[in-house]
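What follows is a single structure, written as structure tokens, with notes after it.
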Number of protein chains: 2
Amino acid sequence: PPEGSLTPRRAQAPSASQPQRNSPSCRLPLWSGPSRRGPGTRDHPPAYTALRERLLAAVVTCFKRHGAAAIDTPVLELRETLMGKYGEEAKLIYELQDQGGELLALRYDLTVPFARYLAMNKITNMKRYHIAKVYRRDNPATTRGRYREFYQCDFDIAGQFDPMIPDAECLKIVHEILSDLQLGDFLIKVNDRRILNGIFAVCGIPESKFVTACCTVDKLDKVPWEEVRGEMVGEKGLSPEAADHIGEYVQLHGGLELIERLLQDPKLSQNKLAKEGLGDMKLLFEYLTLFGITGKISFDLSLARGLDYYTGVIFEAVLLQQENEHVEEPVSVGSVAGGGRYDGLVGMFDPKGRKVPCVGVSIGIERIFSILEQRMKASGEKVRTTETQVLVATPHKHLLAARLKLISELWAAGIKAEMLYKKDPKLLKQLQYCEDTGIPLAAIVGEQELTDGVVKLRDVATRVEVDIPREKLVDEIRRRLEP
Amino acid sequence: PPEGSLTPRRAQAPSASQPQRNSPSCRLPLWSGPSRRGPGTRDHPPAYTALRERLLAAVVTCFKRHGAAAIDTPVLELRETLMGKYGEEAKLIYELQDQGGELLALRYDLTVPFARYLAMNKITNMKRYHIAKVYRRDNPATTRGRYREFYQCDFDIAGQFDPMIPDAECLKIVHEILSDLQLGDFLIKVNDRRILNGIFAVCGIPESKFVTACCTVDKLDKVPWEEVRGEMVGEKGLSPEAADHIGEYVQLHGGLELIERLLQDPKLSQNKLAKEGLGDMKLLFEYLTLFGITGKISFDLSLARGLDYYTGVIFEAVLLQQENEHVEEPVSVGSVAGGGRYDGLVGMFDPKGRKVPCVGVSIGIERIFSILEQRMKASGEKVRTTETQVLVATPHKHLLAARLKLISELWAAGIKAEMLYKKDPKLLKQLQYCEDTGIPLAAIVGEQELTDGVVKLRDVATRVEVDIPREKLVDEIRRRLEP
């Protein structure tokens, strides 16, 4: 495949005239490893890596625009650190073999390690981002873009602040990133765990079942209410009346007017938690109005989010796709960002239980990457995987030394330069390499050029060649490559 | 500690006037995690991460200057993929618990995964770099800067080429990086596994003991010859005569003249492997002379390197330190880069055993980081951990809305801006935050400024304030921040 295709380059097999060099006898044991990867993992070839770096650069630019610092925590955490934080998902945690010493596991997300980091270092105030891989022993459905090892891309604000100001900034960040990346239309659903719990309370659900009810409601974005209701009544043992009552609430969505209506709701307005959550939701909408982004925000009572640790505002961004012109409602094509407030998590790691309120967002970089990758495949756009500016070439034999000297001069001047690793490559092969890999210039030295103290500079696209005095070559290359 | 110290920021405890907000009842199980990390791991706080990113950027710049593309492979590899590649070090591989499915392990280096990647995708030609974490179940001596989870930073050239051209480029890259980073004087030791094996052969060692003899010789950089000799005769069962004979060779080091002398050596010159290795070493020195870097290269017969997979040229860079003025020989302070040729590794992963010759280098980024970190601590230099350009501030109460509107205008223009997450912060606190975190400008809006349609732009260092018409603010900020 040509340069820039998303599958790896396969070079030609070595020609018969280039025999394999003799491998010496300090040889490896005669044992052949599997030429396979672990299940649910994948390699990222150059074109993929180049595209991913471009995407991550856009996200990091946004995080830095909002004043976040970067941190890094280990992939290996103590098993105990992760246990009890992820609810039903805990069975997906990868554990290391007991090879002596403490039991270790691979991080499941970046949030729990961040909370552990804050508590351990007694930090009560921090705005950080972290982009790194996390691990989930999921049943890999790799065709659907889910892997066992994948990148997360998190921005969090920790600290005791006035209500909803950091929460609003997290939503602003999601809005900025999804707009910057031009992924098409999107919607950010917002809810609050306190409102949900208030609903459960006024519907007569015992507090011990709030978490499990939450997990069930969370399925509403994938299955219809009838099915969720069935699970509540069947598996979770709620009464049919309670389930119906919950159903009346969690199918609502809207904006400020819905918040106002629920604040007047005879039952909900009597519940302390719900009132607190609705009051904050109103404040949040005020701030989002000042940010000018309410057009893409929906207060959606069906949003619950699976993880145990959320305590307040929760949100999730979905891309919308107009399935066809005749259908009015746009269709969600899946979540591309999510997050919320988790005020209790840091305290779990502090011996004295001191709390550090936190709110954060995770950008679904893998999902976004798949979309960009598909789009690029469809458009036939090529990604250059290297940044080489000049190929140092020779037109005939016995000029390896001349190439080595010239390329070293270019490297010393900071020019990105390559040469073929052959003693006597054909000029055509050298020029072909430029075209295959997108190198814009070739600097050619032959006997004549050496005698004249010049280098022939060739524009690969136009094939125009000009002799440049050797001492002016670096300046000329820089001039040619100016944007 | 102030901004830029290498320990994390600890903010003040929340004041009594800011009570902890009520945590709702969708609470986490009452289970407290340990506020500890796994043994031999560490967190990288913002100042560390910022410094490391600067260091990695310098290394990546060099890799790209040489035309390398980036790839990424999974941390999780099949256990079988790693087994049989690392000799005595294999016991340090982290294995995952058998939770059903195939047995997995954490990658031990980036070289074996690269070979697996090439074989699996049938790639016979590639120049790539890869910067990522690797895992070793080492006895953590964290005080000496060794961790169980650490970054590796690799550049490799795979393909069938003319002898020593890619090998010379790897050494050139080490030379460029160590020079660019201004780490002080350094020396790159070079040897060849074929020469070592030739020596073992002419000293009467059976081929089956080459690998173990190699591992023993490798200890010569840490312990004196007597001790190495003792291990050869005692543990490894070589004859005292053979050991002495080996000792005569492996204590030699020099340049081109030593290569010439050994090519004339009556015994070595009769050995096919040694002759091949010495011939290539001579060629390598020719190329390094053209690159102008032989001043820092030493052909050192004691260099063996521990790993099984090397088959040809091997090398290692050490920093030199003048211990005191009166001692003539500079002292090595440890290896900061290493690598070599491994022509057999890719073939181990190919069902038909097709070989892809490879040569590569790994930059010891962790060791280099420790040196830079110590140097920075000693100099008292500060690293800014964020890039915020402007703090949006208000001089009195009831102006949160004004701040939210102004900051959104700045973000929309791509300006990096922060504000405090308080409804009514004191101006002094806001300005103090600028000084603590190195923010150069404050954009202040009060009632008067709102009425006049201006923003007061304050230079934090000089404390000079100027009223700027609101519509010209973005341009003025950009102008002020020009380098």
Side-chain angles (χ1 to χ4, degrees), chain A residues 8 11 14 18 23-24 26 28-29 31 33-35 38 41 43-44 46 49 64-65 67 69-70 72-74 76 78 80-81 84 95 97 104 117 119-121 123-125 149 160-162 165-166 193-194 197 210 290-291 311 343-344 349 385-388 404-405 408 416 418 421-423, chain B residues 8 11 14 18 23-24 26 29 31 33-35 38 41 43-44 46 49 64-65 67 69-70 72-74 76 78 80-81 84 95 97 104 117 119-121 123-125 149 160-162 165-166 193-194 197 210 290-291 311 343-344 348-349 385-388 404-405 408 416 418 421-423:
Chain A
Q18 293 288 343
S23 158
C26 187
L28 291 162
W31 182 93
S35 70
T41 67
D43 296 312
H44 301 177
T49 306
K64 286 188 173 172
R65 190 160 62 229
D72 188 21
T73 62
L76 302 176
L78 292 175
E80 298 170 79
T81 299
E95 298 183 29
Q97 213 185 88
L104 299 173
Y117 172 81
M120 202 178 133
N121 296 290
I123 298 167
T124 57
N125 197 328
E149 169 175 306
Q160 182 63 50
F161 303 115
D162 281 326
I165 310 179
R193 276 282 171 93
R194 291 167 299 175
N197 289 331
F210 282 7
L290 289 162
F291 283 154
T311 55
D343 288 348
F349 293 106
T385 59
T386 62
E387 298 175 9
T388 310
L404 290 171
K405 281 198 81 153
S408 247
K416 294 169 189 155
E418 284 185 75
Y421 300 122
K422 296 279 179 186
K423 254 162 64 184
Chain B
Q18 293 289 345
S23 158
C26 186
W31 182 91
S35 70
T41 67
D43 296 313
H44 299 176
T49 306
K64 287 188 172 172
R65 191 160 60 228
D72 189 19
T73 63
L76 301 176
L78 292 175
E80 299 169 77
T81 299
E95 297 182 30
Q97 215 185 88
L104 299 173
Y117 172 81
M120 202 177 134
N121 295 290
I123 299 168
T124 56
N125 196 329
E149 169 174 307
Q160 181 64 48
F161 303 115
D162 281 324
I165 311 179
R193 276 282 172 92
R194 291 168 298 174
N197 289 333
F210 283 7
L290 290 162
F291 283 153
T311 54
D343 288 349
M348 290 180 72
F349 293 106
T385 59
T386 62
E387 298 176 10
T388 310
L404 291 172
K405 280 197 82 152
S408 359
K416 294 168 189 158
E418 285 184 75
Y421 299 122
K422 296 278 180 188
K423 252 162 66 184

Check: If you count heavy-atom pairs under 4.5 Å between each of B/Leu290, B/Thr49, B/Thr73, B/Asp43 and chain A, which one has the most?
Finding: B/Asp43
Note to self: Looking at every non-hydrogen atom in both residues, tell me the closest pair between B/Tyr117 and A/Pro46 and how far apart they are.
What the structure shows: OH-CD, 3.7 Å
Item checked: Heavy-atom pair count under 4.5 Å with chain B, highest-scoring of A/His44, A/Lys64, A/Arg65 -> A/Arg65
Next item on the list: Would you mind telling me which of A/Asp72, A/Leu404, A/Ile165 has the largest number of heavy-atom pairs within less than 4.5 Å of chain B?
Entry: A/Asp72
Note to self: At a 4.5 Å cut-off on heavy atoms, which part of A/Glu149 comes close to chain B: side chain, backbone, both, or neither?
What the structure shows: side chain
Next item on the list: Considering only heavy atoms and a distance below 4.5 Å, find which of B/Gly67, B/Gly38, B/Ala119 pairs most often with chain A.
Entry: B/Gly67
Next item on the list: Check whether A/Leu104 gets within reach of chain B through its side chain, its backbone, both or neither, counting any heavy atom under 4.5 Å.
Entry: side chain
Check: Minimum heavy-atom separation for A/Phe161 to B/Tyr421, with atom names?
Finding: CB-O, 3.2 Å
